[in-house]
Visitor: 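Pasting a structure here, questions to come.
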Amino acid sequence: MSRFILRRLLGMVPFMALVSITCFGLIKLPPGDFATNYAASLAAGGETVSQATLLSMREQYGLDRPFLVQYWRWIDGVAHGNFGYSFQWQQPVSTLIWGRMGLTLLLSLAALLFTWAIAFPIGVYSAVHKYSVFDYVFTFLGMLGLAVPGFLLGLVLMYIGIAYFGEDLGGLFSHHYLNAPWSLGRVADLLRHIWVPMVILGTSGAASLIRVMRANLLDQLHQPYVETARAKGLSEFTLLLRYPIRIALNPFVSTLGWVLPNLVSGSVIISIVLNLQTAGPLLLQALLSQDQYLAGAFLLLLCLLTVIGTLVSDILLALLDPRIRMQ
Amino acid sequence: MSAAIATRPDARDPGAASQARLMWRRFCRHRLALLCLGVTLLLYALAAGAEFVAPSDPDATNARMVFHPPQVVHWLVSTPAGFAWRPFVYAEALKRDPVTLAPAYVVDPTRRVALGLFVHGTPYRLWGLLRSDIHLFGAVDPGAHVFLLGADRLGRDMLSRIVFGARVSLSVGLVGVLCSLVLGIVLGGISGYFGGQTDWLIQRVIEFILSLPTIPVWLALAAALPKTWSPITTYFMITLIISLVGWTQLARVIRGRFLVLRGETYITAAMLDGCSQARVIFRHMLPALTSHIIASITLAVPQMILAETALSFLGLGLQPPAISWGTLLEEAQNVNTLASAPWLLLPGVAVAIAVLALNFLGDGLRDAADPHA
């Protein structure tokens, strides 16, 4: 087992190198650089910048160096915990990102738990009561959950909140706690607000997981070993819980590899709609203003999060299923 | 017995039906999928004939009709002879509340706007060719305004905008799937057919792309598009960006099928007969895959539609003079605007209907293509 984990960890090294080059390439893709954008935004405000200032700016941030040199400077800094400097915020990137990444992780994990919490009982129910009224209802709701984009669901909830309850459902904290230091009150406030994005994010993931769970359990329900257990007089409930469900649970772990990236990815757009203090809104802003080090840090960390998700899922799967670790 | 052999094989005899006919028969048993096929075809027909279907010009602004609420259609008119079938809406006028001065639309029961089918309205050129001014439905008087689904912040008719938006949003799905399909078949096919190191390399590339978080990567790519590009160029670039991720799923499906097919005896027979690789692939393997490919691309189209909507919604996809469901929803971003004009969310309903119909259709096709899957 430890050899398996070690091999997977070693495999991650070239993988992460590739991911980091891709991320840096992505943020260098737009024509022009921060200096030209800076000049354009000043020009829009009626001010002008001299060529000399722009040149010195490029020099100071190394924007005139070749791609690989810039990349190397950047990744070398990242390895030492220095993510560079945000041009727009006039602050080191590392002071901006950690709080937001933490909340992104928290939101994604909460949404994951929510996904599991709904998908498990509904999936089991739908399989055991196949073609019953509720099976159809859940199937339809699941399809609807897949068809309605998360940001639309967010907008509808926001509208309902404003129109019928006179309350703004956006944000992760109420006004009072927005910039307050962490305290018990702030945690309670966070818990009061996090359910909206959690439900929105979890819905589409739950919809697909329900279908997987139902299909898997259906495959198991008529296997001879289930018949044997039933013949031995085990009660239906114990029987279900002890044998077929344990096998049908595999997809919960194996899908973690793509459920988590989806959640992280989905949280970006939902945070923008709901105006949450997570990575999404800041990433969008940074991309639009070509604040390259800030955008790069977010992209890299979001990718890292998904890679770790995949790794954890692989390891859990290997723990569950000996065939995988023997390969 | 000889009579049974002598008779021509009956068209209804399953033994004589072609694979396509068998598939169609299985598909027809899926009532919901059949219904969704109808809905999908209808949506694409509406999008194709947008100029004819939309009651008014989607870009015509009207300063006095800002945020006009949706109007209710009344179907019957009471005449001395009894009720007559004559649909109309009541005209509404913008008035200010005498106390709060808040603007509000007030129904004017004395003014009726008659509606009709095939009425004359704004002139247009269908697909840039056919010159006409006939619209499927609308106000009988060409000068009157009808807002069946309300108006936006510039007084533009939402219904017309949604119909025109369908043209872009639905076609993004098709064009995007076409791009993914080409990439998916070529790379997935190579991977599954040749196996070995090629397969290993392509699989690692696919895994790499799949492990990147989609939306941040899309955002980064879309943010790189220059704002000065023409709408058509932007449209194709956005489609390309979306299919950059989409092809991986298709490639996986196709590779899996190729791997299975490679072991089939009839493929071995074809190889032993000395068929060229191209002939084995195109004559013997691809036809067996067609049904799967059709089913998978049907399931990929809604994903593309959702992706375009999301990107345009964030302001990174198509830019506003272009109309798509995403750019329409962008107007609904502000919650306070939404509270006073909830009909701005209607393009979202259109998205949900299209995606739902395509999903059910794809499911039905998949079941029909492979009853054992």
Visitor: To the closest 0.5 Å, what do you measure between CG (Leu356(B)) and CZ (Phe140(A))?
Guide: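 One gets 5.5 Å once the value is rounded to the nearest 0.5 Å.
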Visitor: Table please: side-chain donor-acceptor pairs of residues 10-20 of chain A below 3.5 Å, with sequence neighbours left out.
Guide:
{"from": "Ser20(A)", "atom 1": "OG", "to": "Met16(A)", "atom 2": "O", "distance (Å)": "3.4"}
{"from": "Ser20(A)", "atom 1": "OG", "to": "Ala17(A)", "atom 2": "O", "distance (Å)": "2.7"}
{"from": "Ser20(A)", "atom 1": "OG", "to": "Tyr71(A)", "atom 2": "OH", "distance (Å)": "2.7"}

Visitor: Please determine, among Ala357(B), Ala332(B), Ala310(B), Pro302(B), the option with the most heavy-atom pairs under 4.5 Å with chain A.
Guide: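 Ranked by contacts with chain A, first place is Ala310(B).
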Visitor: Among Ile353(B), Leu314(B), Val351(B), Asn359(B), single out the residue with the greatest number of heavy-atom pairs under 4.5 Å to chain A.
Guide: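 Greatest number of close heavy-atom pairs with chain A: Leu314(B).
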Visitor: Can you tell me how far the CG atom of Leu284(A) sits from the CD1 atom of Ile215(B), to the nearest 0.5 Å?
Guide: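 Atom-to-atom, Leu284(A):CG and Ile215(B):CD1 are 11.5 Å apart.
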Visitor: Select one option (side chain, backbone, both, neither) describing which atoms of Phe208(B) are under 4.5 Å from chain A's heavy atoms.
Guide: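 Interface part for Phe208(B): both.
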Visitor: How long is the straight-line distance from CG of Leu345(B) back to CE of Met158(A), given to the nearest 0.5 Å?
Guide: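 Answer for the CE-CG pair, Met158(A) versus Leu345(B), is 11.0 Å.
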Visitor: If you compare all heavy atoms of Val217(B) against all heavy atoms of Leu299(A), which two are closest, and at what distance to 0.1 Å?
Guide: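 Result for this residue pair: N-CD2, 4.4 Å.
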Visitor: Which bit of Ile160(A) comes within less than 4.5 Å of chain B, counting heavy atoms only: side chain, backbone, both or neither?
Guide: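 Neither part.
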Visitor: Could you check whether atom CZ of Arg100(A) has more than 12 heavy atoms from other residues, nucleotides or ligands sitting under 6.0 Å from it?
Guide: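 Above 12, so yes.
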Visitor: Which one of Val148(A), Ile269(A), Val268(A) has the most heavy-atom pairs closer than 4.5 Å to chain B?
Guide: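 Greatest number of close heavy-atom pairs with chain B: Ile269(A).
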Visitor: Is it the backbone or the side chain of Leu155(A) that comes under 4.5 Å from a heavy atom of chain B, or both, or neither?
Guide: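 Its backbone and side chain both get close to chain B.
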Visitor: Enter the distance from Leu152(A):CG to Trp325(B):CH2 here, rounded to the nearest 0.5 Å.
Guide: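 Going from the CG atom of Leu152(A) to the CH2 atom of Trp325(B) covers 12.0 Å.
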Visitor: When you look at Phe151(A) and Thr309(B), which way does the side chain to side chain contact (heavy atoms under 4.5 Å, CB included) test go after all the steps?
Guide: CA-CA 10 Å; Phe151(A) 68 87; Thr309(B) 312; 3.7 Å; yes
